[in-house]
Amino acid sequence: MTEGERPLTSLQSVILSSGPFVFFWSTLRGYIERYGAFPFARTTTRLNSQAYSVVSLVLAYLILNDVYHFHEIRGIKSSVLAYVYHLSKFYEYIDVFNLVANGQSIGPHMAFHHITTPFLTFFRVLNASDWQLFAFLNCFHHFWMYAYFGGVSAFRPILPVTGWLQLAAGIALDARYLVLNGMKAPESRNRSIAILLLTRYAMLFYEELRGGSQQKSNKAEKKE
């Protein structure tokens with residue numbers, strides 16, 4: 001199968017994939033509101049988070065190895081890694097389904113992030129150069145984040161650090177490309193779209209962190 005024949009590698013296919021995702025999400029939410037959460041959803045969410053944490057760490061290593069060649073791994077080309085990383089963003093749809101099945105609400109950050117990340121990887125990974133650092137930092141962040149979701153509460157303090165690091169580095173890399181190559185460069189459109197999406201992620205991430213801090217303050221005041 002050539003790169004052009006791979007599923008979900010065209011912009012049209014990425015757009016079309018959003019429809020079933022939103023439909024199933026809204027249908028599942030309606031079911032849960034009417035009948036209640038699934039009893040096994042919490043366990044499923046935890047196990048999925050643990051598995052995806054390990055996958056993220058392995059993928060982070062493979063991407064870094066693609067640049068620095070720590071070990072010779074035959075049959076894994078850069079294009080294959082980019083495609084696998086791209087597909088992992090569709091797999092993250094399961095996060096939303098698991099949380100909804102557990103009766104939890106989906107915040108603005110997760111909602112916007114999960115719907116748009118496949119578009120980000122389409123423009124910034126599949127159809128742009130110099131994608132490895134961006135993808136590595138994202139996988140590295142996901143390792144810590146999903147491990148925390150999987151039950152390792154000690155990892156919580158590092159999440160803001162790795163979260164801001166991946167966002168800041170991604171924006172900086174694309175801004176640097178535009179400054180050095182200009183808006184008429186071959187990848188200027190893709191890099192501009194990436195900057196817009198990453199900036200919006202940063203805004204929502206900030207609002208999420210601020211909301212969490214306010215909740216902690218309110219709980220502390222109530223205890224007093």
Side-chain angles (χ1 to χ4, degrees), residues 14 18 21-22 25 29 45-46 48-50 52-53 55-57 59-60 63-64 85-100 102 104-125 128 130-178 190-220:
V14 175
S18 300
F21 168 54
V22 174
W25 175 5
R29 183 176 59 184
T45 301
R46 185 178 69 254
N48 178 72
S49 296
Q50 293 170 354
Y52 196 60
S53 175
V55 170
S56 296
L57 184 61
L59 191 54
I63 292 171
L64 201 63
Y85 174 72
H86 174 63
L87 288 182
S88 72
K89 300 308 163 187
F90 295 94
Y91 180 81
E92 288 180 20
Y93 287 168
I94 294 176
D95 283 345
V96 173
F97 302 148
N98 279 332
L99 291 176
V100 172
N102 194 36
Q104 296 178 245
S105 60
I106 305 300
H109 184 201
M110 176 174 282
F112 182 78
H113 179 273
H114 280 23
I115 290 174
T116 59
T117 303
F119 292 91
L120 175 63
T121 54
F122 170 82
F123 287 110
R124 185 59 184 84
V125 176
D130 188 28
W131 61 272
Q132 284 92 339
L133 178 58
F134 164 80
F136 165 77
L137 289 174
N138 180 250
C139 289
F140 186 64
H141 171 63
H142 278 66
F143 159 69
W144 297 98
M145 183 174 69
Y146 280 94
Y148 167 69
F149 292 157
V152 187
S153 58
F155 285 176
R156 183 172 184 174
I158 200 174
L159 297 184
V161 177
T162 57
W164 284 121
L165 177 61
Q166 60 152 351
L167 292 169
I171 293 171
L173 283 171
D174 292 333
R176 180 176 181 272
Y177 176 89
L178 294 175
N190 291 11
R191 302 287 185 137
S192 298
I193 292 173
I195 289 175
L196 289 175
L197 288 173
L198 290 171
T199 300
R200 183 55 181 158
Y201 295 160
M203 294 168 62
L204 291 169
F205 188 48
Y206 171 75
E207 293 174 3
E208 186 178 84
L209 292 175
R210 186 179 64 175
S213 299
Q214 289 177 347
Q215 288 180 357
K216 287 183 180 179
S217 298
N218 293 336
K219 289 181 180 179

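Positions are given from 1 along the sequence.
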Engineer: Within 45° of the six-membered ring axis of F134 and under 6.0 Å from that ring's centre, is NZ or CZ of R124 located there?
Structural biologist: yes

Engineer: With rounding to the nearest 0.5 Å, note down the distance linking CG in L64 to CG in L137.
Structural biologist: 9.5 Å

Engineer: Is it the case that N138 and Y85 place a side-chain donor and acceptor less than 3.5 Å from each other?
Structural biologist: yes

Engineer: Name the orientation class of the two ring planes belonging to Y146 and Y52 (parallel below 30°, tilted from 30 to 60°, perpendicular beyond 60°).
Structural biologist: perpendicular

Engineer: Rounded to the nearest 0.5 Å, what separation is found between the CE atom of M145 and the CD atom of Q166?
Structural biologist: 8.0 Å

Engineer: S49 side chain to T45 main-chain N or O, any donor-acceptor pair under 3.5 Å?
Structural biologist: yes

Engineer: How long is the straight-line distance from CG of L167 back to CG of L197, given to the nearest 0.5 Å?
Structural biologist: 11.5 Å

Engineer: Checking side-chain polar atoms at under 3.5 Å, does N190 have a donor or acceptor matched by the opposite partner on Y177?
Structural biologist: no

Engineer: Side chains of T121 and H86: is there a donor and an acceptor less than 3.5 Å apart?
Structural biologist: yes

Engineer: Specify whether F205 and H141 have parallel, tilted or perpendicular ring planes, treating 30° as the upper limit for parallel and 60° as the lower limit for perpendicular.
Structural biologist: perpendicular

Engineer: Quick one: do F122 and T117 satisfy side chain to side chain contact (heavy atoms under 4.5 Å, CB included)? Show the steps, please.
Structural biologist: CA-CA 8 Å; F122 170 82; T117 303; over 6 Å; no

Engineer: Please report the closest heavy-atom contact between I63 and C139, naming both atoms and the distance.
Structural biologist: CD1-SG, 4.1 Å

Engineer: Please work out which of the three classes, parallel, tilted or perpendicular, describes the rings of F90 and Y93, given edges at 30° and 60°.
Structural biologist: perpendicular

Engineer: Relative to each other, are the rings of F140 and F136 parallel, tilted or perpendicular (30° and 60° limits)?
Structural biologist: parallel

Engineer: With rounding to the nearest 0.5 angstrom, report the OG to NE2 distance, S18 to H114.
Structural biologist: 13.0 Å

Engineer: Sequence neighbours excluded, which residues qualify as side chain to side chain donor-acceptor pair (under 3.5 Å) partners of E207?
Structural biologist: none

Engineer: Can you list the steps and then say if E92 with H113 is a side chain to side chain contact (heavy atoms under 4.5 Å, CB included)?
Structural biologist: CA-CA 10 Å; E92 288 180 20; H113 179 273; 3.8 Å; yes

Engineer: So, for S153 and P157, which heavy atoms are closest and what is the spacing to 0.1 Å?
Structural biologist: O-CD, 4.3 Å

Engineer: Which heavy atom of L204 sits nearest to which heavy atom of P108, and what is that distance?
Structural biologist: CD1-O, 3.9 Å

Engineer: Return the CG to CG distance between D130 and L173, rounded to the nearest 0.5 Å.
Structural biologist: 5.5 Å

Engineer: Within the 4.5 Å heavy-atom criterion, are Y206 and L209 side-chain neighbours or not?
Structural biologist: no

Engineer: Could you go through the side chain to side chain contact (heavy atoms under 4.5 Å, CB included) check for S88 and V55 one step at a time?
Structural biologist: CA-CA 9 Å; S88 72; V55 170; over 6 Å; no

Engineer: Using only atom types and a distance under 3.5 Å, with no angle test, would you say the side chain of S53 pairs donor to acceptor with the backbone of F143?
Structural biologist: yes

Engineer: Examine R156 relative to Y148 and say whether NZ or CZ is less than 6.0 Å from the centre of the six-membered ring and inside a 45° cone about the ring axis.
Structural biologist: no

Engineer: Using the six-membered ring wherever Trp is involved, compare the ring planes of W144 and F155 and label them parallel, tilted or perpendicular (cut-offs 30° and 60°).
Structural biologist: perpendicular

Engineer: Between NZ of K89 and OG1 of T116, what distance do you get to the nearest 0.5 Å?
Structural biologist: 11.0 Å

Engineer: Report, as yes or no, whether the 6.0 Å neighbourhood of atom CZ on F112 holds more than 12 heavy atoms from other residues, nucleotides or ligands.
Structural biologist: yes

Engineer: Would you check if the side chain of Q104 reaches a backbone N or O of L99 as a donor-acceptor pair within less than 3.5 Å?
Structural biologist: no

Engineer: Test L198 against Y201 for side chain to side chain contact (heavy atoms under 4.5 Å, CB included), laying out the working first.
Structural biologist: CA-CA 5 Å; L198 290 171; Y201 295 160; 4.0 Å; yes

